[in-house]
Undergrad: 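Sharing a structure here in structure tokens format.
All of these numbers come straight from a predicted model, not from anything done at the bench. FYI, side chains are in, hydrogens and waters are out, and symmetry mates aren't considered; it's all heavy atoms of this structure. Within every chain, numbering begins at 1; the chains are lettered A, B, ... in the order of the sequence lines, protein sequences first and strands thereafter.
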Amino acid sequence: MSITRKWAAKQQRALEILIRLQRLYPDATCTLNYETPVQLLVATILSAQCTDERVNKVTPALFARFPDAPAIASADIQDLESLVRSTGFYRNKAKNIQGACRAIVEKFGGKVPKRMEELLELPGVARKTANVVLAHAYGIHQGVTVDTHVKRLSYRLGLTEETDPIRVERDLIRLLPQPDWENWSIRLIYHGRSICMARNPNCSSCALADLCPSASEPQRHS
DNA sequence: ATCCCGAGGG
DNA sequence: CCCTCTGGAT
């Protein structure tokens, strides 16, 4: 079989997986709680190596005291640290959300920028965070959100051989139709949390098993 | 002991 | 490429 035929087959399988995920999780949305683009940006920065559930426990108090970019920009850094402490990496995260908000106030007129290259200038923001904010705050599908779940499941599903999230994203961009990029990520994250977990893929209860090359070889983890 | 919607620095 | 940052849950 030619390279292009193999690729077309992989693309077709990706589409079938997507259709099935949409049937499995028809109402999947972003599980971070927020009211504004700035709040989504802050919540997403806080979500690094932390569950969304944990983030949602600290953001109500955080946003009650510091609801917008100017407030976070001028906050006492130690107040920010204690408010975000339980999400882990709290010194970095406090510094980054304040640095990002200061840049938003000083360079971007108080608004979260809509361009990828501008978002990437913000401290604590790389492609994963930028993709989440663009997709959910603005409906802009600039790239595919590749977090730990999307990376692990895309690999297990045989849709990428890469482990670097940037390269995984490049593969997914070529495999999936642009309007579905965030649908893909959101639903893989749901599936990764509930079924295809890091330490146990639970293949026997997985609705994607017949489309998954790893289901028949239980050793294929990571 | 390992993982969670990562990012930055060396 | 590696390492570090950090707390909470399992």
Undergrad: Measure from CG on A/Asp52 to P on B/dC5 and round the result to the nearest Å.
TA: 6 Å
Undergrad: Determine, stepwise, if the pair A/Glu182 / A/His136 fulfils side-chain hydrogen bond (donor to acceptor under 3.5 Å, both in side chains).
TA: CA-CA 9 Å; A/Glu182 199 56 27; A/His136 295 284; 3.0 Å; yes
Undergrad: Within less than 4.0 Å of OP1 or OP2 of B/dC4, is there a side-chain N or O belonging to A/Arg54?
TA: no
Undergrad: Between atom CZ in A/Arg199 and atom C1' in B/dT2, what is the gap in whole Å?
TA: 4 Å
Undergrad: Are A/Arg85 and C/dG7 close enough that a side-chain N or O sits under 4.0 Å from OP1 or OP2?
TA: yes
Undergrad: Under 4.0 Å from OP1 or OP2 of C/dT6: is there any side-chain N or O of A/Ser86 that close?
TA: no
Undergrad: Check the pair A/Asn131, A/Glu169 against side-chain hydrogen bond (donor to acceptor under 3.5 Å, both in side chains), reporting the backbone distance first and the verdict last.
TA: CA-CA 11 Å; A/Asn131 279 326; A/Glu169 183 184 0; 3.1 Å; yes
Undergrad: Pick base, sugar-phosphate or nothing for A/Ile186, based on heavy-atom distances below 4.0 Å to the nucleic acid.
TA: base
Undergrad: Mind checking the P distance from B/dC5 to C/dT4? Whole angstroms is fine.
TA: 24 Å
Undergrad: Are B/dG6 and A/Phe89 stacked, with the base six-membered ring and the side-chain ring centres under 5.5 Å apart and planes under 30°?
TA: yes
Undergrad: For B/dT2 and C/dT6, measure between their C1' atoms and round to the nearest Å.
TA: 15 Å
Undergrad: So which protein N/O to nucleotides 8-10 of chain B N/O distances come out below 3.5 Å?
TA:
residue : atom : partner  : partner atom : Å
B/dG8   : OP1  : A/Gly124 : N            : 2.7

Undergrad: Among B/dA1, B/dC5, B/dC4, which is the nearest nucleotide to the side chain of A/Val132?
TA: B/dC5
Undergrad: In whole angstrom, give the distance that lies between atom CZ of A/Arg127 and atom P of B/dC5.
TA: 21 Å
Undergrad: Rounded to the nearest angstrom, tell me the gap between atom CD1 in A/Ile45 and atom P in B/dC5.
TA: 17 Å
Undergrad: Just how far, in rounded Å, is P of B/dC5 from CZ of A/Arg152?
TA: 9 Å
Undergrad: Any side-chain heavy-atom pair from A/Thr129 and A/Leu122 closer than 4.5 angstrom?
TA: no
